[in-house]
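Below is one structure; the comments refer to it alone.
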Amino acid sequence: MADFRDGTSMSIIVVEASSDQAVPWTKPEDLEISAEEALDALLSAHEGGFLALFADGSARLIPDSVDLDTLKNLFTIADGNPVDLD
């Protein structure tokens with residue numbers, strides 16, 4: 001937990017992906033996409049945004065209006081750029 005220097009409440013660890021991008025939960029694999037492809041791959045999964053599980057155990061809807069820089073910061077656990085989603 002000490003590795004989450006930006007805070008566990010600001011670090012995404014699991015996301016809901018579209019069915020064509022999703023990795024079966026029973027496989028020990030990751031969704032491999034570039035930051036530029038992330039919004040397209042994730043936003044088609046759920047109307048209005050995508051669901052994300054944060055390291056603190058909370059789940060939130062990330063709106064489809066999220067900008068790419070904010071999304072990058074949420075996926076990086078210790079970049080020194082914590083995000084305020086409120």
Side-chain angles (χ1 to χ4, degrees):
M1 295 306 272
D3 292 337
F4 290 92
R5 293 190 311 236
D6 292 342
T8 56
S9 64
M10 292 296 114
S11 299
I12 294 175
I13 58 172
V14 177
V15 295
E16 172 190 35
S18 61
S19 60
D20 61 324
Q21 296 285 332
V23 175
W25 68 271
T26 57
K27 285 188 168 185
E29 295 181 17
D30 291 328
L31 175 61
E32 301 278 342
I33 55 174
S34 69
E36 290 73 27
E37 298 171 314
L39 285 176
D40 290 334
L42 299 174
L43 292 180
S44 61
H46 192 81
E47 187 174 327
F50 67 93
L51 295 174
L53 176 66
F54 287 77
D56 68 351
S58 66
R60 297 184 215 154
L61 178 69
I62 304 300
D64 54 13
S65 60
V66 67
D67 66 81
L68 188 55
D69 288 332
T70 299
L71 191 59
K72 286 180 186 178
N73 290 335
L74 290 170
F75 282 119
T76 308
I77 65 172
D79 65 353
N81 295 310
V83 176
D84 180 12
L85 290 175
D86 297 326

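The model shown is predicted, which means the values in this text are computed figures rather than measured ones. Values below: every heavy atom of this structure, side chains too, minus hydrogens, waters and symmetry copies. Positions are given from 1 along the sequence.
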Do the side chains of Asp56 and Phe4 get nearer than 4.5 Å, heavy atoms only?
no
When hydrophobic residues are tied together by side-chain contacts of less than 4.5 Å, even through go-betweens, does Leu51 share a cluster with Ile13?
no
Between Asn81 and the options Thr76, Thr70, Asn73, the side-chain contact (heavy atoms from CB on, under 4.5 Å) test singles out Asn73
Residues Leu61 and Gly48: closest non-hydrogen pair is CD2-O, 4.3 Å
Test your reading of the model: is there a side-chain donor-acceptor pair from Ser58 to the backbone of Phe54, 3.5 Å cut-off?
no
